[in-house]
Amino acid sequence: MKTLVIYLVCEPETPELAEAAVDGGADLIELGFPFSDPLAEGPTIRLASERALARGMRTAQCIECLAEVRRRVEVPLVPMTYAAILEAYGYERFVADTRAAGATSAIVVDLPVEERREVPRVQLVAPTSTDERIAACATATDGWLYLVSLTGTTGARGEVSPALAGLVERTRALTGVPLYAGFGISTPAHAATVAELADGVVVGSRAVQEAEKGPEALRDYVASLRAALR
Amino acid sequence: MNFGEYGGRYVPETLIPALDELTAGWEAAKADDAFHRELHHLLTTYAGRPTPLTLVERFAPGKRIYLKREDLLHTGAHKLNNALGQAVLAVRLGKRRIVAETGAGQHGVATATVWARFGLECVVYMGEEDMRRQQPNVERMGLLGAEVRPVDFGTKTLKEATSEAIRDWITNVETTHYLIGSCVGPAPYPEIVRDLQRVLGDEAREQILAAEGRLPEAVVACVGGGSNAIGLFYGFLEDTDVRIVGVEAAGAASLGSGRVGVLHGARSSVLADEDGQIADAHSISAGLDYPGVGPEHAYLRDIGRVEYVGATDAEALAAFRDLARTEGIIPALEPSHALARARELEDEELILVGLSGRGDKDLAEVLRQ
């Protein structure tokens with residue numbers, strides 16, 4: 001069965017929302033630790049990050065949020081953030097404290113594979129990545145590879161990126177690690193299309209939008225994705 | 001590619017291959033006489049290099065302050081040195097579209113100018129607050145055929161405009177060159193911009209030797225991202241008797257009151273809180289209103305080669321008015337910060353100041369104060 005990954009920004013309601021996402025069929029939760037200048041994010045996650053910061057969700061609060069999510073759900077939890085957060089908190093301290101709070105790994109969007117090897121993390125590869133870089137990322141990655149399905153920022157799109165098939169093909173030829181694809185995937189139909197190519201589907205911006213409507217809306221939305229992946 | 005512990009490439013993977021390509025392209029260009037000939041031709045026949053040094057005795061009686069007159073460069077600021085160089089480089093790399101960010105609008109105007117000259121597509125991101133403050137430059141960019149895209153969130157200034165330009169670049173990286181305006185951003189940008197601006201320091205060094213028969217006792221320049229400063233300073237870094245002073249806006253002192261952090265692809269000294277969240281900068285000058293600074297400046301600060309000090313809005317405004325009234329030169333608000341500190345240096349008599357741009361763009365903002 002394909003893996004369904006749901007991204008949520010850490011906010012006070014997030015533990016309840018994460019529980020709803022898992023009820024709906026999420027296999028893994030990415031927890032966004034908000035940063036003031038998130039270069040890879042489109043408007044939805046950027047705005048959600050601004051809101052979370054305005055509500056006081058700094059690194060310590062996000063780690064508390066992670067711990068509370070851990071108390072409520074069994075699935076793997078992966079903090080997703082930017083290098084600036086780790087730089088300020090301390091790279092190794094970040095790893096230690098998030099692991100202690102229940103994290104399985106981490107994703108640091110703007111930390112290329114050659115930087116900060118002391119941080120075990122899920123590496124990202126993109127359609128622009130060379131085969132050499134894909135191979136390096138696959139070797140270094142912590143569990144699975146995050147395929148950035150398109151050349152661009154996060155956010156819902158009309159269609160699944162035509163670049164994904166080629167990226168999956170190139171990556172499969174280089175590694176046996178599981179490949180989960182994200183960026184621009186928002187509907188059950190998208191999820192079904194992606195599932196024909198990759199081992200898992202990551203849904204971020206649209207999940208954040210559904211989460212704003214409350215746990216029930218999020219659970220129903222995640223269930224609709226789950227149904228498309230069966 | 002690093003400057004001590006600063007610099008690096010803190011960007012999403014999508015951009016790394018483009019940075020590799022840029023690094024290789026820049027190395028090839030630097031080694032190619034044809035590149036240097038083309039750039040030199042443009043700088044001399046189009047941009048108006050070399051720019052003169054002007055002695056301003058009425059502005060600072062009792063001192064010999066020379067201004068490096070980048071205000072006389074085509075488009076009115078030093079930004080054109082970098083824009084022309086990167087334009088030639090982008091064409092070599094086969095990029096037909098460029099994006100840029102701008103704060104004061106001077107880099108935006110320089111970029112729009114270059115791309116009108118080269119006949120390519122140009123998009124400039126600018127914060128709404130800066131568009132209000134620097135309306136003449138918005139109109140100039142439009143006239144030159146650039147599309148100015150307002151950035152209406154966050155601080156609505158240079159920080160947000162830079163983030164949006166980088167997001168555009170992430171989206172269009174295969175066709176687009178990001179023409180960054182200062183010595184900031186991921187490697188190799190800080191080095192490229194420095195190399196393209198060091199013409200300023202190299203010229204000034206020769207000129208002051210010709211005029212005075214000796215080196216200046218101090219060299220002073222304003223620092224926002226720090227491109228005119230790094231260019232000017234590079235002419236004098238190895239002259240260890242020359243005191244070098246960078247002047248930041250007091251409310252945007254990334255070096256004076258910042259901490260180590262990551263912003264816009266580089267590790268440098270930034271205005272941030274203890275969690276690494278970037279703080280708002282505050283300056284009357286849109287070109288200095290930025291919470292980061294080039295990583296090489298952080299390095300030069302740490303090794304003690306360059307001192308970085310601050311000037312307030314009020315001090316800059318006073319210097320702005322005084323230079324206009326005593327010398328008939330209307331400086332931009334950015335170098336007015338350098339002028340304010342330079343005239344107060346107690347131990348130095350012969351001083352070189354980078355006059356990075358002209359102040360026409362600032363008249364409305366100054367008259368409003």
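A quick note: this is a predicted structure, and the numbers were derived from the prediction, not measured. Below, read A as the first sequence line, B as the second, and so on, with proteins coming before strands; counting in each chain starts at 1.
Of the possible polar contacts, one joining the B:Arg167 side chain to the A:Pro38 backbone as a donor-acceptor pair under 3.5 Å is found.
Side chains of B:Tyr10 and A:Arg116 form a contact here, defined as non-hydrogen atoms less than 4.5 Å apart. Taking the side chain as every heavy atom from C-beta outward, A:Ile85 and B:Gln277 approach each other to under 4.5 Å. No side-chain heavy atom of B:Val262 sits less than 4.5 Å from a side-chain heavy atom of A:Tyr82. Within the 4.5 Å cutoff, no side-chain heavy atoms of A:Thr151 are placed close to those of B:Thr171. With a 4.5 Å cut-off on side-chain heavy atoms, B:Glu13 and A:Asp110 do not count as touching.
Looking only at heavy-atom pairs under 4.5 Å with chain B, the residue among A:Val113, A:Thr153, A:Leu150 that has the most is A:Thr153. Here A:Ser36 is the residue among A:Ala126, A:Pro34, A:Cys137, A:Ser36 with the most heavy-atom pairs under 4.5 Å with chain B. Of the residues considered (A:Ala83, A:Gly152, A:Ser129), A:Gly152 shows the highest number of contacts with chain B, using heavy-atom pairs under 4.5 Å. Contact count versus chain B (heavy atoms, under 4.5 Å) is highest, among A:Thr130, A:Val125, A:Leu53, A:Leu111, for A:Leu53. Between chain B and the residues A:Leu124, A:Val108, A:Leu86, the largest count of heavy-atom pairs under 4.5 Å involves A:Leu124. Per-residue counts of heavy-atom pairs under 4.5 Å with chain A were compared for B:Val173, B:Asp273, B:Asn172; the largest is that of B:Asp273. Residue with the most contacts toward chain B among A:Leu39, A:Thr59, A:Val148, A:Leu47: A:Leu39 (heavy-atom pairs, distance under 4.5 Å).
Within 6.0 Å of atom CZ in A:Arg99, more than 12 heavy atoms from other residues, nucleotides or ligands are found, so the atom counts as buried in its surroundings. At most 12 heavy atoms of other shown residues, nucleotides or ligands fall within 6.0 angstrom of atom CD in A:Glu92. Heavy-atom neighbours of A:Tyr89 OH from other residues, nucleotides or ligands within 6.0 Å: above the threshold of 12. Within 6.0 Å of CD in A:Glu132 there are 12 or fewer heavy atoms belonging to other residues, nucleotides or ligands. Taking a 6.0 Å sphere around CD of B:Glu27, one finds it holds more than 12 heavy atoms contributed by other residues, nucleotides or ligands.
A pairwise comparison of heavy atoms in B:Ile16 and A:Pro112 identifies CD1-CG, 3.5 Å as the closest pair.
Taken to the nearest 0.5 Å, the OG atom of B:Ser163 stands 4.5 Å off from the CG atom of A:Asp37. Atom-to-atom distance recorded for A:Gln61:CD and B:Asp275:CG is 7.0 Å, nearest 0.5 angstrom. Here the straight-line distance linking atom CZ of A:Arg46 with atom CZ of B:Phe153 works out to 3.5 Å at 0.5 Å rounding.
At a 4.5 Å heavy-atom cutoff, the contact between A:Phe35 and chain B is made by backbone and side-chain atoms alike. Interface remark: A:Val109 contributes backbone and side-chain atoms alike to the contact with chain B (heavy atom separation under 4.5 Å). For B:Arg259, no part sits under 4.5 Å from any heavy atom of chain A, backbone or side chain.
Pairs engaging residues 160-173 of chain A under the side chain to side chain donor-acceptor pair (under 3.5 Å) rule: A:Asp131-A:Arg170, A:Arg172-A:Asp199 [sequence neighbours left out].
A salt bridge links B:Arg9 with A:Glu114: the distance from a Lys NZ or Arg NE/NH1/NH2 to an Asp or Glu carboxylate oxygen falls below 4.0 Å.
Residues that satisfy the side chain to side chain donor-acceptor pair (under 3.5 Å) test with B:Arg132, not counting sequence neighbours, are B:Glu129.
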